Amino acid sequence: MNFDNKVALITGGARGIGRAIALGFAREGADIVVADVNLQEAEKTAKEIELLGRKSLALEMDVTDYAKVEEGLNKILDKLGKVDILVNNAGITKDNLLLRMSQLEWDAVINVNLKGTFNCIRAVARSMIKQRSGRIINIASIIGITGNPGQANYSASKAGIIALTKTAAKELASRNINVNAVAPGFIQTEMTAKLSDELKEKMKEAIPLNKFGSSEDISSVCLFLAGEGSSYITGQTIVVDGGMVMA
Ligand code: NDP
């Protein structure tokens, strides 16, 4: 795949799946913006990208704050001129059973996962509309399809992302902007490292391919969704989960 002269903005790009997506695009020739709440970690990933011979920009960007997102976008336009690909990857969990879930836990997850995705689409789509091209990829989750005990906030946020993907795809299609979502299953990152070994074993039994996914399994699908080969796909959610959820 060739992403020479393309600029990709990855939210939550400092570590985990976001970092793998950022490195994946850089290996294929794109210049990368690593946007994250954690500037120090974002700078580390940006340095790795520079070692691959690509331009990179580390930005401190809290996706829940629309003013900060716009400020970040202005910096990108100033330094790199455009955004061709937006990957809304920033996400958090704050699990609790429904009756015990606090307002703070609910709001925090909805704000980062769902509102953050909306904020970034709203800010970046404006410049994509002007250039009459763009690809937006939203990282959802199979939990947004199936639901999961203890994850009312997370499942609602990810289901919201799937619906938002469809609406954005319909609104932006006429401007040559494709919007799709990727719904990972169980991917080995720091987010899942905190689960108990017992739960992990139980989950593995439910995966037909009988193994956890890697961040690279998600990155490769994002590359596909940003490339020429997927130009006739929009509004879809691609499930990447070793076969756990089959439609
Ligand atoms: P990680 O927790 O490893 O990484 C998430 C990154 O997002 C971190 O760098 C984090 O910064 C950053 N971040 C958190 N809040 C914000 C914010 N407000 N603004 C900008 N950046 C922020 O998660 P994963 O890599 O595991 O997950 C990435 C995405 O994939 C998420 O959307 C997640 O829901 C989704 N996903 C993951 C699955 C998995 O099995 N791992 C399964 C299904 C979906 P900091 O380190 O400072 O918190």
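Read the numbers this way: they start at 1 and go in the same order the structure lists the ligands and their atoms. Just the heavy atoms: all of them, side chains too, but no hydrogens, waters or symmetry mates, feed the values below. Since the model is a prediction, treat every value here as computed from it, not as a measurement.
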Sub-3.5 Å donor-acceptor pair from the side chain of Arg135 to the main-chain atoms of Leu225, do we have one? yes
Would you check whether [X] has a nitrogen or oxygen atom less than 3.5 angstrom from a nitrogen or oxygen atom of ligand 1?
X: Val63; answer: yes
X: Thr192; answer: no
X: Asn89; answer: yes
X: Ile17; answer: yes
X: Ile187; answer: yes

For [atom], grab the closest protein heavy atom and report residue, atom and distance to one decimal in Å.
atom: atom 36 (N) of ligand 1; answer: Tyr154 OH, 3.6 Å
atom: atom 18 (N) of ligand 1; answer: Asp62 OD1, 2.9 Å
atom: atom 10 (C) of ligand 1; answer: Asp36 OD1, 3.7 Å
atom: atom 14 (C) of ligand 1; answer: Ile92 CG2, 3.7 Å
atom: atom 13 (N) of ligand 1; answer: Val37 CG2, 3.8 Å
atom: atom 3 (O) of ligand 1; answer: Arg15 NH1, 3.1 Å
atom: atom 5 (C) of ligand 1; answer: Gly91 O, 3.9 Å

Ligand 1 contact by Ala140, heavy-atom criterion under 4.0 angstrom: yes
Do any heavy atoms of Lys158 fall under 4.0 Å from ligand 1? yes
Name the option, out of Ser141, Gly185, Gly72, that contains the heavy atom nearest to atom 42 (C) of ligand 1. Gly185
Distance-minimising heavy-atom pair for Thr189 and Ser215: CG2-OG, 3.7 Å
